[in-house]
Amino acid sequence: DAGVIQSPRHEVTEMGQEVTLRCKPISGHNSLFWYRQTMMRGLELLIYFNNNVPIDDSGMPEDRFSAKMPNASFSTLKIQPSEPRDSAVYFCASTPQSGHRGRVPTEAFFGQGTRLTVV
Amino acid sequence: AQTVTQSQPEMSVQEAETVTLSCTYDTSESDYYLFWYKQPPSRQMILVIRQEAYKQQNATENRFSVNFQKAAKSFSLKISDSQLGDAAMYFCAYLHPSGNTPLVFGKGTRLSVIA
């Protein structure tokens, strides 16, 4: 398996522009998580999905942020308009469904992250 | 809500020596899962070790072992025979027993290995 795939790996954009980050979870995984990592705040959960349904988006900083998961193999995180304070590394992670067929909860598998710089 | 605390922002260790990274957490659950992740400069989050709370035996993975103290809600990571490649950020994480919920992370400890 190729693991969780995120694109792009790096993104530099000007303030006010729209930014779209993409994630392909591991095939068969039912839960998908978006995290943001900064020096000041560490790893913060933004939003997560179970079976393509958003469960908790309370970590989304403000209305400028939105996330979608149109199917089991693809998710996007969009920032519109972007601001310099959005500069961070954004991670996507996925896990298989626990409790299904006796599956024990497992760790999250992370993509390599997208480093976003807003200038 | 569960919280995870790593009280050591930075640590250093001499090559071939042993170092222990601290982690405490807060939860009202009796069953849960704990993890240590390593994040080298490449940014990749790599699972180092996991511990199921219902297991009394401390988990070990080669040079990595944990000291799990359930009553004290403490979960420290010991790295033996430290190598230059161990230099990284280390994150402690908690997972609710239901599983399909997000990991809760500590703020991390940056480990330097001195040759």
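In what follows, every chain begins at residue 1, and chains take the letters A, B, ... in the order their sequences are listed. Every value quoted in this text rests on a predicted model; they were computed, and no experiment measured them.
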Can a donor-acceptor pair be found, under 3.5 Å and without considering hydrogens, that links the side chain of S94(A) to the backbone of S31(A)?
no
Among M11(B), Q6(B), E10(B), which residue satisfies the side-chain contact (heavy atoms from CB on, under 4.5 Å) criterion with Q8(B)?
M11(B)
Under 4.5 Å between any side-chain heavy atoms of M15(A) and D86(A), yes or no?
no
Contacting moiety of L103(B), where chain A heavy atoms sit under 4.5 Å
both
Could you tell me which residues in residues 109-116 of chain A have at least one non-hydrogen atom under 4.5 Å from a non-hydrogen atom of chain B, sorted by residue number?
F110(A), G111(A), Q112(A), G113(A), T114(A), R115(A)
Pairs flagged by salt bridge (charged side-chain N to carboxylate O under 4.0 Å, His left out) wherever residues 70-88 of chain B is involved - sequence neighbours left out
D26(B)-K73(B), R63(B)-D86(B)
Residues 38-46 of chain B: residues contacting chain A (heavy atom under 4.5 Å, by number):
Q39(B), S42(B), R43(B), Q44(B), M45(B)
Atom pair CG/CE of N52(A) and M69(A) - distance to nearest 0.5 Å
5.0 Å
Donor-acceptor contact present, side-chain K107(B) to main-chain R41(A), <3.5 Å:
yes
Return each pair, listed once, that meets disulfide bond (SG atoms under 2.5 Å apart) where at least one residue sits in residues 45-94 of chain B; pairs must be two or more places apart or across chains.
C23(B)-C92(B)
Is there a donor-acceptor pair closer than 3.5 Å between any side-chain N or O of Q6(A) and the backbone N or O of Y90(A)?
yes
Is E44(A) close to chain B through its backbone or its side chain, or both, or neither, when contacts mean heavy atoms under 4.5 Å?
neither
How about Q2(B) and H96(B): does a side-chain donor come under 3.5 Å of a side-chain acceptor?
no
Within the distance-only criterion (no hydrogens, no angle test), does the side chain of S82(A) pair as donor or acceptor with the backbone N or O of Q17(A) below 3.5 angstrom?
yes
